[in-house]
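The structure appears below as structure tokens.
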Amino acid sequence: MSDTIYPPESIYNLIPREEEKAVKAPRYMSKFREQVKLEKEVNKAPSKTMGPAKVDVPSPQKYLLKHSKEPKLAERKPFKYEDDELHSKPPIPARTDKPLMGLHSNKNFIKTNAVENIMTVPKKPQPVYAYTKKGDKQLLEKSGLIPKYIKKKDYGLTPEYLLQRREEVKKAQEEYDNYVKERMREGAMKQLSGEERHNILQALKKNWDELHHQYQGLSVVTDTAPKKYRKERLEQEMKQLEKDIELIERHKTIYIANN
């Protein structure tokens, strides 16, 4: 049997009925429609995104050639040095060229060569030294075996720039000493004695030891702000004391101003 389900038969289904058409809702029209049209006309430009409507077609005679878009090298020229004309030898004479005839010289080349050889001073052989058992040689002058520098006139003397520097330092020290004497004469400053310097140095070291003892007693874990602040403060004070101690130990003579 077929599984198709048919609607129940009825005599009313034979009566023709008028087709009912569904009524659609009115189409939505935005109130900004006219404003959008106006803005579109104002901002419209021909060929803005898609390009021109018609493009000139290239001529068939001007078709794309092979390697036409590759960069072209300059024309090849024969290489030539700038001073080639000055040092170049004269060209080889042609086969048809004829030499100059009838030139005679009274020079006695045999006698001239003999006189030049007699008057020539013989060259002195350069001193060399052998540095291998096979007899390999090098010049003795550049070997460092000849005492060349100790025979100079200024060997062992102080260079001029060091003497000049020494004079400048001496002059600056004299000017500073004169300035200090003048200020001490006026009573504006005084020199710190050795005993006072020693007492100040010992006091600074004692203060550093006390701060160091406090620093050693700090907690290992600095988990709070007061602990961190105290540790940074102690480190800063200890660094300042170290700078002061180094300054006093470096300078033996110290001047202080009178307030």
Side-chain angles (χ1 to χ4, degrees), residues 71 81-83 124-259:
Y81 289 103
E82 296 180 356
D83 55 348
K124 294 183 179 180
Q126 293 183 344
V128 294
Y129 74 102
Y131 61 94
T132 61
K133 62 181 181 181
K134 294 183 180 180
D136 298 331
K137 299 178 181 179
Q138 286 187 355
L139 295 178
L140 185 62
E141 184 180 0
K142 299 180 180 180
S143 64
L145 301 175
I146 301 176
K148 181 171 59 175
Y149 293 99
I150 62 175
K151 294 184 179 180
K152 289 187 175 181
K153 295 181 180 180
D154 55 349
Y155 177 77
L157 301 178
T158 306
E160 292 292 335
Y161 72 93
L162 290 180
L163 296 176
Q164 185 178 359
R165 177 64 177 171
R166 189 182 300 170
E167 292 294 332
E168 292 176 357
V169 173
K170 185 178 179 181
K171 184 178 180 181
Q173 185 65 31
E174 290 178 356
E175 292 179 356
Y176 175 74
D177 294 340
N178 296 334
Y179 170 76
V180 170
K181 290 179 181 179
E182 184 178 357
R183 298 293 290 177
M184 291 181 66
R185 194 181 304 111
E186 294 176 356
M189 60 189 305
K190 67 176 182 178
Q191 182 178 355
L192 200 66
S193 62
E195 185 179 357
E196 293 175 343
R197 175 178 173 276
H198 178 72
N199 294 336
I200 292 173
L201 194 60
Q202 293 300 324
L204 291 174
K205 291 183 179 179
K206 184 178 179 182
N207 293 340
W208 187 90
D209 292 336
E210 293 178 358
L211 292 176
H212 186 259
H213 181 70
Q214 297 179 14
Y215 186 81
Q216 292 291 334
L218 292 176
S219 176
V220 178
V221 181
T222 55
D223 52 351
T224 59
K227 290 182 180 180
K228 184 178 180 181
Y229 172 74
R230 187 184 181 192
K231 181 180 180 181
E232 292 178 353
R233 180 178 60 82
L234 290 175
E235 289 177 352
Q236 186 177 2
E237 293 179 359
M238 289 171 64
K239 287 182 180 179
Q240 185 62 38
L241 286 174
E242 289 174 0
K243 291 181 180 179
D244 296 340
I245 292 171
E246 183 183 1
L247 179 65
I248 295 177
E249 287 180 346
R250 191 187 316 130
H251 302 285
K252 301 297 181 181
T253 306
I254 301 175
Y255 298 95
I256 58 175
N258 291 330
N259 295 330

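All figures in this text were calculated on a predicted structure; none of them were measured in a lab. The residues of the chain are indexed from 1 along the displayed sequence. Only this structure's heavy atoms are used, side chains among them; waters, hydrogens and symmetry mates stay out.
- Partners of K231 according to the salt bridge (charged side-chain N to carboxylate O under 4.0 Å, His left out) rule, which considers only residues two or more places apart in sequence or in another chain, do not exist here.
- With sequence neighbours excluded, the residues forming a side chain to side chain contact (heavy atoms under 4.5 Å, CB included) with D244 are L204, Q240, listed by chain and number.
- Between the side chain of R197 and the main chain of I248, a donor-acceptor pair closer than 3.5 Å is present.
- Between T253 and L192 there is no side-chain heavy-atom pair separated by less than 4.5 Å.
- With sequence neighbours excluded, no residue forms a side-chain hydrogen bond (donor to acceptor under 3.5 Å, both in side chains) with Y229.
- Once rounded to the nearest 0.5 Å, the distance linking CD1 of I200 with CD of E196 reads 6.5 Å.
- Scored by the salt bridge (charged side-chain N to carboxylate O under 4.0 Å, His left out) test, E237 finds R233 as partners (sequence neighbours excluded).
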Show me the side-chain donor-acceptor pairs of residues 154-174 shorter than 3.5 Å, one per line, residues at least two apart or across chains.
{"from": "Q173", "atom 1": "NE2", "to": "D177", "atom 2": "OD1", "distance (Å)": "3.2"}

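- Residues in residues 206-229 take part in these salt bridge (Lys or Arg N to Asp or Glu O under 4.0 Å) pairs, two or more places apart or across chains: D223-K227.
- Between atom CD1 of residue I254 and atom OG of residue S193 there is a gap of 10.0 Å, rounded to the nearest 0.5 Å.
- Here the side chains of L211 and L234 are in contact, with some heavy-atom distance below 4.5 Å.
- Going from atom CE of M238 over to atom CG of N207 covers 12.0 Å, rounded to the nearest 0.5 Å.
- The side-chain hydrogen bond (donor to acceptor under 3.5 Å, both in side chains) test applied to H251 returns no partner, not counting sequence neighbours.
- Salt-bridge check for E235 with K239: failed, with every basic side-chain N at 4.0 Å or more from each acidic carboxylate O.
- In this structure E175 satisfies the salt bridge (charged side-chain N to carboxylate O under 4.0 Å, His left out) test with no other residue, sequence neighbours excluded.
- For residues 131-144, every residue pair satisfying the side-chain hydrogen bond (donor to acceptor under 3.5 Å, both in side chains) rule, not counting sequence neighbours, is listed here: Y129-Q138, T132-D136.
- Under the ring pair (Phe, Tyr, Trp, His ring centres under 6.0 Å) criterion, H198 pairs with no residue, sequence neighbours left out.
- For E195, there are no side-chain hydrogen bond (donor to acceptor under 3.5 Å, both in side chains) partners two or more places apart in sequence or in a different chain.
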- Could you walk me through whether V128 and L139 pass the side chain to side chain contact (heavy atoms under 4.5 Å, CB included) check? CA-CA 4 Å; V128 294; L139 295 178; 4.1 Å; yes

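- Scanning for side chain to side chain contact (heavy atoms under 4.5 Å, CB included) contacts around P147 gives I150, K151, with sequence neighbours left out.
- Atoms CD and CG, from Q236 and L241 in turn, are 11.0 Å apart once rounded to the nearest 0.5 Å.
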